[in-house]
Amino acid sequence: MSSDRLAFARALYDGVPLYDPKRAPVALDLTDNTNLWGMPPAAERTWRALPVSRVTRYPSLYSAELKDALAAYVGVPADYLVTGCGSDDILDSAMRAFGEPGSLVASSEPSFAMIPIFAQMNGLAYAGITERADQQPDLDALLATRPRILYLCSPNNPTGALVARATLERAVREAPGVVFIDEAYAEFAGVSSARLALEHENVLVIRTMSKAFGLAGLRVGYGIGHPALVRDVEKSRGPYKLNAMAETVALAALREDATWVADHAALAVTNRDRLADALRARGYAPLDSAANFVCVPVAQAVAVGQALRARGVAARPFEALPHVGDTLRVSVGPWPLMEQFLAAFDAATAEVTR
Ligand SMILES: *Cc1c(COP(=O)(O)O)cnc(C)c1O
C-alpha cells in the first residue's frame with residue numbers, strides 16, 4: 001500500500017481500510033441488525049411528504065429541536081445531548097475531541113469492528129483486550145492500559161452480551177479518561193446507562209436510530225453526556241452534520257412512533273428467543289443475547305455463510321472468536337423470515353459438514 005502513497009498523503013492512512021463487511025445483495029439479508037419490519041409509520045408519512053424547502057435550505061446547526069425530542073425520549077435534559085450523522089459520527093467526533101495524538105483507545109474484544117479504525121483515523125493508539133469466557137469485558141486488564149478513551153458496548157456486538165451494571169459503574173469510577181458506552185441495541189435490552197451520564201462527567205453514552213427505529217439509511221445517532229463533554233463532541237463534529245430530511249423524519253418518529261418502536265422491539269425479543277430455541281433444538285448453543293440478533297457458534301462459519309448465500313440468505317460469519325470459536329451472527333426479524341433462515345441454515349450446514 002505504502003508504495004501507492006501520494007507525496008502529500010499522511011502515512012497514518014496507509015493502514016486505514018475502507019469498511020467492507022462483504023455485504024453483496026442477497027434476497028434475505030440478516031447481516032446488519034437493522035429493523036426488518038421496516039420504517040415506523042409516522043416517519044414514513046413524513047418522509048413521503050417532505051417539502052422541497054427541506055432540501056434547498058440548510059438544516060439546523062446542531063439539531064436543537066431533535067435534541068429536545070431525544071431528551072424527552074431518553075429522560076435527560078436537552079443540554080446533555082449531541083446528535084450526529086449516525087452513531088459512527090458520534091464515535092469518530094468524540095475520539096477526535098478527547099484523544100490527543102497518540103493517546104490510547106482501549107476496547108474489549110470482540111466488539112464493534114469500527115472502533116480500531118476510528119482510533120487509527122484520528123491518530124490514536126488502540127489496545128484490544130480479549131473478553132472473559134463469560135462474555136464480560138476484562139475490566140482489570142482494560143483499566144491497566146490506562147486508556148484516554150475506554151470503549152464498552154452493551155449489549156455487545158457481535159455477541160449480544162449485556163455488560164453487567166456493576167462493571168459499567170466501576171469503569172466510570174476508575175477509568176483515567178472518558179468512558180464510551182455504545183448502546184446501539186438499548187431498546188432491545190430494556191436497560192440503559194443514560195443515568196450514569198447524569199451522575200458522572202466522564203461518560204458518553206452513544207445511541208442510534210439505525211436499529212430499533214428502522215432509520216439506518218437516514219444516519220441519525222446521538223450521544224448523551226455531561227453538557228461540557230457533549231459540547232466538545234459538538235465542536236469536533238461541526239455544524240449542519242445531520243441533514244434536514246433525517247432531522248425532520250427522526251423528529252416524527254420520536255413524537256409519534258414510540259409505541260410502534262417499542263412493540264416491534266418486543267417482537268424482535270420474542271423472535272430472538274424463539275430462534276435461539278430452534279437452534280438449541282438442532283444441537284447448537286447460541287450465546288445469550290440482549291439485542292436483536294443471535295450469535296451462534298457454528299463450525300466452519302465462513303463456509304456455512306457461503307452456502308447460505310448460495311441459497312439467497314446472508315448472515316455474518318465471525319472466525320475464531322475467543323472462547324467460542326467460529327460463529328454466525330443472525331439478525332432477527334418477522335418469524336416467516338426466521339423460518340426461511342432456518343431452512344437455508346439446515347441445508348447449508350448439511351452441505352458443509354457432509
Ligand atoms: C450498528 C452499530 C452502530 C452504528 O450505528 P449508526 O448509528 O448506523 O452509525 C454503532 N455501534 C454498534 C455497536 C452497532 O452495532
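From a predicted model like this one, the values you see are computed outputs, not experimental measurements. Atoms within a ligand are numbered from 1 in the order they appear, just like the ligands themselves. Reckoned from all heavy atoms, side chains included, excluding hydrogens, waters and symmetry mates.
- For atom 7 (O) of ligand 1, the nearest non-hydrogen atom from the set Asp182, Asp92, Thr208 belongs to Thr208.
- Contacts with ligand 1 closer than 4.0 Å are made by heavy atoms of both the backbone and the side chain of Ser87.
- Atom numbering of ligand 1 starts at 1 in the shown order; those under 4.0 Å from a heavy atom of Ser210 are 6 (P), 7 (O), 8 (O).
- Near Gly86, with a cut-off below 4.0 Å to any heavy atom, the atoms of ligand 1 are 7 (O), 9 (O).
- Atoms of ligand 1 found under 4.0 Å from any heavy atom of Asn157 (numbered from 1 in listed order, with element): 13 (C), 14 (C), 15 (O).
- When the shell of 6.0 Å around CH2 of Trp47 is examined, it contains 12 or fewer heavy atoms from other residues, nucleotides or ligands.
- The number of heavy atoms from other shown groups lying within 6.0 Å of OH (Tyr58) does not exceed 12.
- Between Phe345 and Tyr284, the gap from one ring centroid to the other is short of 6.0 Å.
- One option in Phe213, Tyr222, Tyr185 has a heavy atom closer to atom 15 (O) of ligand 1 than any other, and that option is Tyr185.
- Not close to ligand 1: Ala216, with no non-hydrogen atom less than 4.0 angstrom away.
- Remark: aromatic rings of Phe213 and Tyr73 are close, center separation under 6.0 Å.
- Here Met209 has no heavy atoms under 4.0 Å from ligand 1, in either its backbone or its side chain.
- With no hydrogens or angles considered, no side-chain donor-acceptor pair links Ser331 and Arg316 at under 3.5 Å.
- A salt bridge links Lys235 to Asp232: at least one charged side-chain nitrogen sits closer than 4.0 Å to a carboxylate oxygen.
- Distance CG/Leu279 to CG/Leu342: 6.0 Å, rounded to 0.5 Å.
- At most 12 non-hydrogen atoms from other residues, nucleotides or ligands lie less than 6.0 angstrom from CD of Glu65.
- For ligand 1, the atoms lying closer than 4.0 Å to a non-hydrogen atom of Asp88 are 4 (C), 9 (O).
- Here is the list of ligand 1 atoms found below 4.0 Å of a heavy atom in Cys153: 13 (C).
- Residue Lys211 touches ligand 1 through its side chain alone, judged by heavy-atom distances below 4.0 Å.
- Heavy-atom distances between Arg219 and ligand 1 reach below 4.0 Å in at least one pair.
- Residue contact check for ligand 1: Gly221 places no non-hydrogen atom closer than 4.0 Å to it.
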Asp140/Arg170 under salt bridge (Lys or Arg N to Asp or Glu O under 4.0 Å): CA gap, chis, key distance, verdict: CA-CA 10 Å; Asp140 290 328; Arg170 187 183 150 217; 2.7 Å; yes

